[in-house]
Number of protein chains: 2
Amino acid sequence: MELKKLIRSVPDFPKKGILFCDITTLIKDSKAFNYVIDSICEHYKGKKIDKVVSTEARGYLFGGALAYKLNAGVIPVRKPGKLPAEAIKEEYTLEYGTDALELHKDAIEKDEKVLVFDDLLATGGTALASCKLVERLGGKIVGISFLIELTELPGKNKLKDYDIFSLIKY
Amino acid sequence: MELKKLIRSVPDFPKKGILFCDITTLIKDSKAFNYVIDSICEHYKGKKIDKVVSTEARGYLFGGALAYKLNAGVIPVRKPGKLPAEAIKEEYTLEYGTDALELHKDAIEKDEKVLVFDDLLATGGTALASCKLVERLGGKIVGISFLIELTELPGKNKLKDYDIFSLIKY
């Protein structure tokens, strides 16, 4: 399936000079959305996955569907202050500045197998922070999957210790 | 399945006097998460659903899974300024103040059948705003589903024109 045709490029969003990959035009297409979820799950076929971890907010649209298809639990990594119970925090740098992510302390149990999903691999900051959060709780990263990978950015180097699967590459 | 046992009550979050229903403890349980998605889809069995609309951010965890299971497209309703392309806006009042939601103008086509999902029915503000956004684009609301309904709050009155399905009632 030609997924690239379904992605809309929006210039100067969220700020001047950034060419934003708008995936809403892809996921509103039921066939494309189903294809994306099935293709990612196919990559992990035969591997046990206990939890799918995804990041706020676009990542959740995929994280829930992947968890459902993989018979896994779904875990939200959130921006600081959004999780109601005791959480751990990781700071990271992202394409447009710095930020932090949090994960509930009871989200992952020791040795649970975790798939991390993020919609975009650019600098790799959010994915790496998510992996660190999972590992601090004793979880094992089965792999990290992305809908889109920007191959000209150095994100992948940061994540070289992990199995990476990206569905669309630019 | 006894879903209520899996929901964590967090006092004074996000502010003093609010007893927050934390659903992360439910959705990290793979069986419970699958049960929730299957039960909601079962309610709409035999009905055509083209798009599942859900609200930022927790709603997306369910919206994606529902869309996948229902072979529908998934549409994010977002907080103002987050959508990259041309959008329409609806203001609403919520439990802790006022806010607004936006929907891309090209998210829904005329006469498309739409399921709206929101994790919590409290004042009904976000769900009503989502429905209005969909209807302004010509979409038809098949129903609104909630994970949790707080029956003591007047939210349901606001939504009396719609078919409402809530999985857990307090």
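Below, read A as the first sequence line, B as the second, and so on, with proteins coming before strands; counting in each chain starts at 1.
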Non-hydrogen atoms of chain B under 4.5 Å away: do they reach the side chain of [X], the backbone, both or neither?
X	value
A:A67	both
A:D106	both
A:V10	side chain

Most chain B-contacting option - heavy-atom pairs closer than 4.5 Å, from [options]:
options	answer
A:N34, A:L66, A:D22, A:V52	A:N34
A:K31, A:R78, A:K51, A:R8	A:R8
A:D29, A:T24, A:I75	A:T24
A:A32, A:A85, A:S54, A:G59	A:A85

On a heavy-atom basis, which atom in [X] and which in [Y] lie closest, and how many Å separate them?
X	Y	result
A:Y60	B:A57	CD1-O, 3.3 Å
A:F13	B:P84	CD2-CB, 3.5 Å
B:G64	A:A65	O-CB, 3.5 Å
B:S30	A:A72	CB-C, 3.3 Å

Quiz prompt | Enclosure of B:K105 NZ (heavy-atom neighbours >12, cutoff 6.0 Å) | solution = no
Inspect the surroundings of CD in B:E109 and state if more than 12 heavy atoms from other residues, nucleotides or ligands are less than 6.0 Å away. no
Exercise. Does one hydrophobic cluster hold both B:M1 and B:L61, with members joined at side-chain heavy-atom distances below 4.5 Å?
Worked result: yes
Scored by heavy-atom pairs under 4.5 Å with chain A, the best of B:L83, B:I108, B:D50 is B:L83
### Task
Measure the shortest side-chain to side-chain distance between A:Y68 and B:D38 over non-hydrogen atoms and say whether it is less than 4.5 angstrom.
yes
* To do: Check the pair A:T25, B:H104 against side-chain contact (heavy atoms from CB on, under 4.5 Å), reporting the backbone distance first and the verdict last.
  => CA-CA 10 Å; A:T25 38; B:H104 270 152; over 6 Å; no
